[in-house]
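Each remark here refers to the structure printed beneath this line.
Atoms considered below: every heavy atom in the structure, side chains included; atoms not considered: hydrogens, waters and symmetry mates. The structure displayed is predicted, hence computed values, not measured ones.
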Amino acid sequence: MDTSSISFDPQNIVPFESDSLPRVISEKFYLQHEKLFSHRKNEKHLVLGKKPSSQSLILQSNDYLCLAKHPKIVNAQVNALLSSHNDLIMSAVFLHEGSLKDRFEKKMAEYIGFEKAILTQSGWMANTGLLQVIADETIPVYIDFFAHMSLWEGVFTAKAKAYPFKHNSADNLEKLIKKHGAGIIVVDSVYSTTGSVAPLIDIVHLAHQYDCVIVVDESHSLGTHGPSGAGLVAELNLTDKVHFITASLAKAFAGRAGIIFCNEQVAHCFPYVSRPSIFSSTLFDHEIAALSATLEIIRDADDRRQTLHKNARYLRQGLNELGFNIESQSQIVSLASGAESNTEQLRDALENKDIFGSVFCSPATPKNRSLVRFSINSGLTQYQLDVILSACATIRDELKILNWRSFRQKSLYKSAIENVSASSELIAE
């Protein structure tokens, strides 16, 4: 077809209204709007309740060691901004050895006890990038049902076959490996929804017994657990037995980055194979300077770690005594409210007492297994912890929470998870 005589006239384009889209997707977003917003009392998403004030007790931040405004970290960023030339806004694949990024990676690798570390733009990019590189259609991936969504996304991106196993069940994992053969095992060390801790010793043993690769996401244990905060893998003396560790540095490290720990061979290839690495700009120098300063602080933060775990133990024990369904073994403490209507009531009741947790619902949790998560930090005082417990006791009675299905018996929430996991396993097979 000869198009040389066709001219473009903007006047022939009919303008569309700002609130309308072509029908091909407008109906989809109408349904999404109805599902997410319209039936809520405040017409917002379930995760958004009241806006907290400066006096509110906010338990939403993952800054577990209260480092975000540490003067040494702030000064490191300011000095880097004032002393550096223009940052190179480009992919990290163009950076040479000796760059600030390279020097920080070497410090992190030494800290954890790995040959190499790879700095990424986020924990999401670390997990999706790693799985995209090491997995493919021929390698089965055994993934804990509650593994972070970035790990699941990595499996999907690699077009690998996912075999979910029941949460924290080494027995179910072994059953799947025996059926489908050697592959990649993917777990979190501390799970971000319930705060449960993976049975890493058992899972690592299975990995070596059946010649599997193991990936451990330490996002919620790096900085908070282990010697000098080196993580739960280090605490359990498993460093030389785990093939890959990943982490978000937006938790205890209070930054905006991710990290992968691996061997020399993988690190050499990764930047030129991982699509998130190739097609994303590298971090700025002031961001890396802040992370480097944070590392030095975290190494010497045993007092903050001890206070963090003391606070978490106290709150877990208190909530368990009140009859709440607490699966946590860490600084992540969640109230399993179940149905979203119950979660909305619980959220509002807590916020009316000026206590703000984070609502987790689908797709972060299974449908009708939503919860309110408290992220505990080392800065909480005994008085504040008692305020939380007192509020929860009052709310328990006002809302008759112990009559809710999710609280009727301690094992119910765990059983529900296992049932959903088993269904996922059948789908995978």
Side-chain angles (χ1 to χ4, degrees), residues 120 122-194 196-200 202-220 242-248 258 260 262 266 270 273-276 360-369 414-429:
T120 65
S122 67
W124 181 276
M125 287 189 171
N127 282 338
T128 56
L130 178 63
L131 269 298
Q132 179 247 312
V133 168
I134 66 174
D136 60 37
E137 299 93 329
T138 68
I139 303 175
V141 179
Y142 305 104
I143 183 167
D144 187 289
F145 180 74
F146 264 13
H148 194 270
M149 190 56 67
S150 58
L151 293 165
W152 284 92
E153 187 69 19
V155 177
F156 300 149
T157 301
K159 299 180 180 178
K161 185 72 172 179
Y163 294 97
F165 61 91
K166 294 178 183 178
H167 180 51
N168 278 350
S169 174
D171 290 339
N172 186 231
L173 171 60
E174 183 174 23
K175 174 185 172 184
L176 290 172
I177 296 172
K178 284 181 176 179
K179 183 171 183 179
H180 301 288
I184 301 170
I185 300 172
V186 180
V187 297
D188 291 20
S189 55
V190 174
Y191 286 87
S192 62
T193 48
T194 63
S196 58
V197 174
L200 285 179
D202 294 339
I203 290 174
V204 170
H205 173 74
L206 285 177
H208 286 269
Q209 181 180 351
Y210 293 101
D211 197 28
C212 291
V213 171
I214 181 157
V215 177
V216 180
D217 183 327
E218 288 233 62
S219 293
H220 294 277
V242 170
H243 303 101
F244 299 96
I245 292 176
T246 64
S248 164
I260 301 167
C262 57
V266 174
F270 181 90
V273 182
S274 165
R275 288 191 289 275
F360 276 52
C361 56
S362 179
T365 66
K367 187 178 180 181
N368 292 323
R369 299 296 167 204
K414 183 177 179 181
S415 298
I417 293 169
E418 292 181 347
N419 289 338
V420 176
S421 301
S423 299
S424 300
E425 177 186 326
L426 292 174
I427 292 171
E429 294 177 356

Would you check if [X] and [Y] make a side-chain contact, meaning some heavy-atom pair closer than 4.5 Å?
X      : Y      : result
Val141 : Leu151 : no
Glu174 : Phe165 : no
Leu131 : Thr157 : no
Asp144 : Tyr191 : yes
Ile260 : Val266 : no
Trp152 : Pro164 : yes

Looking only at non-hydrogen atoms, find the nearest pair between [X] and [Y] and report the distance.
X      : Y      : value
Pro199 : Asn168 : CD-OD1, 3.3 Å
Lys159 : Glu137 : O-CG, 3.3 Å
Asp211 : Ala182 : O-CB, 3.5 Å
Pro140 : Thr138 : CD-O, 3.7 Å

Apply side-chain contact (heavy atoms from CB on, under 4.5 Å) to residues Phe146 and Asp188 and explain how you reach the verdict. CA-CA 8 Å; Phe146 264 13; Asp188 291 20; over 6 Å; no
Could you pull out all residues at least two apart from Thr120 that satisfy side chain to side chain donor-acceptor pair (under 3.5 Å)?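 Listed in chain order: nothing, the list is empty.
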Restricting to side chain to side chain donor-acceptor pair (under 3.5 Å), what partner residues turn up for Ser150, sequence neighbours left out?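 Residues passing side chain to side chain donor-acceptor pair (under 3.5 Å) with Ser150: Asn127, His148.
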Should the pair His180 and Tyr142 be assigned to parallel (<30°), tilted (30 to 60°) or perpendicular (>60°) ring geometry?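 It falls in the tilted class, 30° to 60°.
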Give, for atom CG of Asp171 and atom NZ of Lys166, the distance between the pair rounded to the nearest 0.5 Å.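 Result: 9.5 Å between the selected atoms.
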Would you compute the distance between atom CD1 of Ile184 and atom CG of Leu130 and round it to the nearest 0.5 angstrom?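 The CD1 atom of Ile184 sits 8.0 Å away from the CG atom of Leu130.
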Within the side chain of Ser219, is there an N or O that forms a donor-acceptor pair under 3.5 Å with the backbone of Ser248?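 Yes: the side chain of Ser219 pairs with the backbone of Ser248.
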Identified side-chain contact (heavy atoms from CB on, under 4.5 Å) counterpart of Ser189 within the set Leu200, Ile245, Val242: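 Checked Leu200, Ile245, Val242 against Ser189; only one passes side-chain contact (heavy atoms from CB on, under 4.5 Å): Leu200.
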